[in-house]
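A short worksheet on the structure shown next.
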There are 2 protein chains.
Amino acid sequence: MKNIYAIGVGLIGGSLCLDIKKNNPEAVIHGVSRKDATLNKALELNIIDKKATLDDLGNADLVIISIPVDATVTLLPTVLDKISDTGLVVDAGSTKVDICKAVENHPKRRNFLAMHPIAGTEHSGPTAALEGLFVGKTNIVCEVEKTTFKLQEKALKLFSDIGMRMRYMNPEAHDKHIAYVSHLSHISSFMLGKTVIEKEKNERDIFDMAGSGFASTVRLAKSSPEMWTPIFKQNKTNVIETLEEYINNLTHFKQLMEANDFDAINSEMENTNHIKDILKGIS
Amino acid sequence: MKNIYAIGVGLIGGSLCLDIKKNNPEAVIHGVSRKDATLNKALELNIIDKKATLDDLGNADLVIISIPVDATVTLLPTVLDKISDTGLVVDAGSTKVDICKAVENHPKRRNFLAMHPIAGTEHSGPTAALEGLFVGKTNIVCEVEKTTFKLQEKALKLFSDIGMRMRYMNPEAHDKHIAYVSHLSHISSFMLGKTVIEKEKNERDIFDMAGSGFASTVRLAKSSPEMWTPIFKQNKTNVIETLEEYINNLTHFKQLMEANDFDAINSEMENTNHIKDILKGIS
């Protein structure tokens, strides 16, 4: 793995570069981005060693695509067109069905490994890149059987070395489950932020009363719309299903309050309290 | 402030004891609780110096009540009955209207200061008590004018010394605003946890895919139902109003998705993104 190309050098792409570089000092990290300012920032932060373009990919041992998922769907076939027979392409997108479908019949399909490293923060861009972001985190790998065995092996070693544990899943199961544990959380957080901001317009100083609990619950509302709009678009059916269930649960809670059934309100909370145990180990 | 009585020695009461003791080494902290095991734990953790009962309160320079808000409403008049003319009683409840109303005509009303220190974690009980929990946090003080000037002054010094900044508000405004920035966050978190747990019953291993974003959004679902049920009961009207607005915003988001209006979805998120700036300073 000498020549590594990172298409997208933000939070996820940039963090992957930092850890891979650390484990593989001989590697040369080439950055590719639509925006030159982003590449300059990534150079300045030592996330990448060189700037590059898509035309250089014939030279790549590994290409890591970490850009919005709509751009991945468009760009991935072109990247595979350009890759050599021994080159590996991976993506880090939060959806997997559309991305896998975009290359299902591509002659170089076996040079591609579909992944979703489940790690991140609410920040974005090269300045958000962090060393060690992936330690102890899960990397969901989809359709592993469609990738050349040798390239599978290379990728799994690379991502194990930066601390990730692999989980194998088909793209449909990935998109269905991740809607619950990630996509829904983002919407609940954005809409909580919206509800409170709308109130603030009329009632001053409300945020002066906000504590760490509010900050935690609304943290994901700082996330990048550019990343998240295409995720919701690609995973529309699953996300709408989770939203329906969430809205039903909230409406039921409201109805219990309206009916003064506070024993039932108490049970609702007690039954959810064991999320303590479930969350152990997720930091 | 020699003899301090803490009624309730959990997360909030216990943390207040730790910081007050640190600033006032001469103080003797007496703990009062329904449960002897809780007092023993508080003694063991050096949160309190002695166990006590309600019958000892005549001796108190300061009484801090940090128990569920329904118990506060019931107990507060009795505590005021027992306090000396120079004794001060404060409470730390998350609702203020019912608590202030419970003693509005009490002959010792001027010995009481209604407060809400906005600090905490999702944990509870004496083992959850933390030194320095209140540094930089807001203490909402209600109806300050109804408290004897000398006792106001004492209380404000005590709570400034542990790092809090005071904000003055009437109980109605407190309960209305706190419903948005605290009570609603708890419900959104509990119901998010419920939605995902219900899914997990049918689909195994879903939590294996949960990352730090989910953990943050669902953190408050670990909170104590014993504390929160009476808060929702006392602040029912305001909480229902916030829930309605939240459900409307979520429903609108779902409708935009159903209509494939992803430009509007993007705007929804962009408009909420500036919560970044709003949250600066809240940790």
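Reminder, nothing fancy here: chain letters follow the sequence lines and each chain counts from 1. We use all heavy atoms of the structure for the numbers below, so side chains are in, but hydrogens, waters and symmetry mates are not.
Interface residue B:A221: backbone and side-chain heavy atoms are both found under 4.5 Å from chain A. Using a 4.5 Å cut-off between heavy atoms, B:E241 touches chain A through its side chain atoms alone. For chain B, the nearby parts of A:T251 are the backbone and the side chain; heavy atoms of each come within less than 4.5 Å. Only the side chain of A:H252 has a heavy atom closer than 4.5 Å to any heavy atom of chain B. Of the two parts of B:H174, the backbone and the side chain both hold a non-hydrogen atom closer than 4.5 Å to a non-hydrogen atom of chain A. The contact between B:T242 and chain A is made entirely by backbone atoms, counting heavy-atom distances below 4.5 Å. Within the 4.5 angstrom heavy-atom criterion, only side-chain atoms of B:L220, from C-beta onward, approach chain A. When heavy atoms are compared at a cutoff of 4.5 Å, A:S267 does not approach chain B at all. Contacts of B:T138 with chain A are made by side-chain atoms alone, with heavy-atom separations under 4.5 Å and no backbone atom involved. With a threshold of 4.5 angstrom between heavy atoms, B:E226 approaches chain A through N, CA, C or O but not through any side-chain atom.
Looking only at side-chain heavy atoms (C-beta outward), B:P68 and B:Q234 stay at 4.5 Å or farther from each other.
For the set A:T121, A:L250, A:D263, A:V196, the entry with the most heavy-atom pairs within less than 4.5 Å of chain B is A:L250. If you tally non-hydrogen atom pairs under 4.5 Å between each of B:L243, B:I118, B:N260, B:N273 and chain A, the highest count goes to B:N273. No other option in B:L192, B:N248, B:I178 has as many heavy-atom pairs under 4.5 Å with chain A as B:L192. Looking only at heavy-atom pairs under 4.5 Å with chain A, the residue among B:V239, B:N271, B:V181, B:I187 that has the most is B:V181. For the set B:I140, B:I265, B:I247, the count of heavy-atom pairs under 4.5 angstrom toward chain A peaks at B:I247. Listed options B:T237, B:I240, B:L184 were ranked by heavy-atom pairs under 4.5 angstrom with chain A; first place goes to B:I240. Annotation: maximal heavy-atom pairing with chain B below 4.5 Å, among A:K276, A:H274, A:M209, occurs at A:M209. Considering only heavy-atom pairs separated by less than 4.5 Å from chain B, the leading option among A:E245, A:E268, A:K236 is A:K236.
For the residue pair A:N249 and B:T195, a side-chain donor N or O sits within less than 3.5 Å of a side-chain acceptor on the partner. A donor and an acceptor atom, one from each side chain of A:H183 and A:N238, are nowhere located under 3.5 Å apart.
Between the side chain of B:D175 and the backbone N or O of B:K96 there is at least one donor-acceptor pair closer than 3.5 Å. Side-chain atoms of B:S189 come within 3.5 Å of backbone atoms of B:T217 as a donor-acceptor pair (strictly under, hydrogens ignored). Checking side-chain atoms of B:Y246 against main-chain N and O of B:Y180 turns up no donor-acceptor pair under 3.5 Å.
The number of heavy-atom neighbours closer than 6.0 Å to NZ of B:K233, taken from other residues, nucleotides and ligands shown, is 12 or below.
The aromatic rings of A:F232 and B:F253 sit perpendicular, their planes meeting at an angle over 60°, well past the 30° parallel limit.
Taking a cutoff of 4.0 Å between a charged side-chain nitrogen and a carboxylate oxygen, A:K176 and A:E172 do not qualify as a salt bridge.
The line from CD1 of B:I12 to CD1 of B:I65 is 14.5 Å long, rounded to the nearest 0.5 Å. Note that CZ of B:F134 is 6.0 Å distant from CE of B:M164, once rounded to the nearest 0.5 Å.
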